[in-house]
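For reference, the structure is listed below as structure tokens.
We're numbering straight along the sequence, starting at 1. Values below: every heavy atom of this structure, side chains too, minus hydrogens, waters and symmetry copies. Remember, it's 1-based here, ligands and their atoms both numbered in the order they're listed.
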Amino acid sequence: MDVRPTREEDLPRIVRISRAVYRLEATWREEELRSHLEIFPRGQLVAVDPSGRVVGMAASLVPPLDDFSPDADWWTLTGKGHFTTHDPERGTVLYGAGVLVDPEVQGEGVGTALYRARERLLEELGLSRIVAGARISGYARHAEQLTAHEYVERVVRKELSDPTLSFQLAQGFQVLRVVAQYLPEDRESLGYAAVVEWRP
Ligand SMILES: CC(C)(COP(=O)(O)OP(=O)(O)OC[C@H]1O[C@@H](n2cnc3c(N)ncnc32)[C@H](O)[C@@H]1OP(=O)(O)O)[C@@H](O)C(=O)NCCC(=O)NCCS
């Protein structure tokens, strides 16, 4: 699995994967992806299979995190999805705004390859840590029995497995806190996210 910087011609394919992953919720739009390439090209990565087909992407930016509330939502942190909050002069943290893998090849190591590339980027840019808001996409099915905090604790203790948070934990991330209304349109997570951190 090769991971390389995203190119303009990859964008329609990324939008298609995003639609397949999220259906109508939280789908990346081409003009947002183009904005990422203009603002922070090095932070945009795609995974390509041996035939050269794009099968996943990871989008990152460097916002000045100290300027934001610890409970800031995805839309605020990412400049409404356009990465206008990117400020490498002041930011010290690589912020993971999104990672997605073609549903046809999920569970085959593509997400892990994208994260290894993100870790290399962190080192190349001399940044201190990676922070991301991990969706808890299995939570809606447990919401009648558990609060979001309880659910995250169970996933961390490996008593429950979550399709997205368990992936982040498998990459070596630690949970810092749980934020409500992080991505309100994410119905599977009921809008909640676990803010997670990775340090080299
Ligand atoms: C989350 C996602 C990026 C993971 O990518 P992937 O290529 O499927 O993940 P990998 O194959 O590299 O899996 C790595 C490890 O993560 C864990 N993992 C992955 N998917 C999992 C799942 N559905 N349930 C539990 N653990 C999972 C496993 O520990 C796995 O290791 P293993 O293969 O040795 O068991 C991908 O499933 C995806 O695009 N999901 C939808 C979009 C999304 O929610 N993105 C995350 C935003 S926070």
Output the list of atoms in ligand 1 that are nearer than 4.0 Å to some heavy atom of [X], sorted by atom number.
{"X": "Leu100", "answer": "39 (O)"}
{"X": "Thr112", "answer": "10 (P), 12 (O), 13 (O), 14 (C)"}
{"X": "Val21", "answer": "41 (C), 42 (C)"}
{"X": "Val110", "answer": "7 (O), 12 (O)"}
{"X": "Ser166", "answer": "25 (C), 26 (N)"}
{"X": "Gly109", "answer": "10 (P), 11 (O), 12 (O)"}
{"X": "Ala170", "answer": "15 (C), 16 (O), 29 (O)"}
{"X": "Ala134", "answer": "48 (S)"}

For [X] and [Y], which heavy atoms make the closest approach, and how far apart are they?
{"X": "Ala193", "Y": "Tyr182", "answer": "CB-CD2, 3.3 Å"}
{"X": "Arg4", "Y": "Asp10", "answer": "NH1-OD2, 2.8 Å"}
{"X": "Leu37", "Y": "Arg7", "answer": "CD1-C, 3.9 Å"}
{"X": "Gln171", "Y": "Glu119", "answer": "O-OE2, 4.3 Å"}

Looking only at protein heavy atoms, which one is nearest to [atom], and how far off is it?
{"atom": "atom 38 (C) of ligand 1", "answer": "Gln106 NE2, 3.3 Å"}
{"atom": "atom 8 (O) of ligand 1", "answer": "Gly107 N, 2.7 Å"}
{"atom": "atom 45 (N) of ligand 1", "answer": "Val99 O, 2.8 Å"}
{"atom": "atom 39 (O) of ligand 1", "answer": "Val101 N, 2.8 Å"}
{"atom": "atom 7 (O) of ligand 1", "answer": "Gly111 N, 2.8 Å"}
{"atom": "atom 24 (N) of ligand 1", "answer": "Ser161 OG, 3.5 Å"}
{"atom": "atom 20 (N) of ligand 1", "answer": "Pro163 O, 4.0 Å"}
{"atom": "atom 17 (C) of ligand 1", "answer": "Phe167 CA, 3.7 Å"}

Should the proximity of Asp162 to ligand 1, defined as any heavy atom under 4.0 Å, be assigned to the side chain, the backbone, both, or neither? backbone
Ligand 1 versus Gln168, non-hydrogen atoms closer than 4.0 Å: side chain, backbone, both, neither? side chain
Is Arg118 positioned over the aromatic face of Tyr115, cation under 6.0 angstrom from the ring centre and no more than 45 degrees off axis? yes
Would [X] and [Y] count as having a side-chain donor-acceptor pair, cut-off 3.5 Å?
{"X": "Trp75", "Y": "Glu185", "answer": "yes"}
{"X": "Asp87", "Y": "Thr85", "answer": "no"}
{"X": "Asp49", "Y": "Ser51", "answer": "yes"}

Please answer whether the main-chain N or O of [Y] pairs with a side-chain N or O of [X] as donor and acceptor at a distance below 3.5 Å.
{"X": "His82", "Y": "Lys80", "value": "yes"}
{"X": "Thr6", "Y": "Gln44", "value": "yes"}
{"X": "Asp71", "Y": "Val179", "value": "no"}
{"X": "His86", "Y": "Pro63", "value": "no"}
{"X": "Tyr139", "Y": "Ala148", "value": "yes"}

Any heavy atom of Gly133 sitting closer than 4.0 Å to ligand 1? yes
Ligand 1 contact by Tyr22, heavy-atom criterion under 4.0 angstrom: yes
Of the listed options Arg135, Lys158, Gln171, closest to atom 47 (C) of ligand 1 (non-hydrogen atoms): Arg135
Is the shortest N/O to N/O distance between Thr164 and ligand 1 below 3.5 Å? no
Heavy-atom distance from atom 43 (C) of ligand 1 to the protein below 4.0 Å? yes
May I ask whether atom 32 (P) of ligand 1 is less than 4.0 Å from at least one protein heavy atom? no
Verify ring-ring contact (aromatic ring centres under 6.0 Å, His included) between Phe40 and Phe83, making sure each step is shown before the conclusion. CA-CA 8 Å; Phe40 185 32; Phe83 294 6; 8.1 Å; no
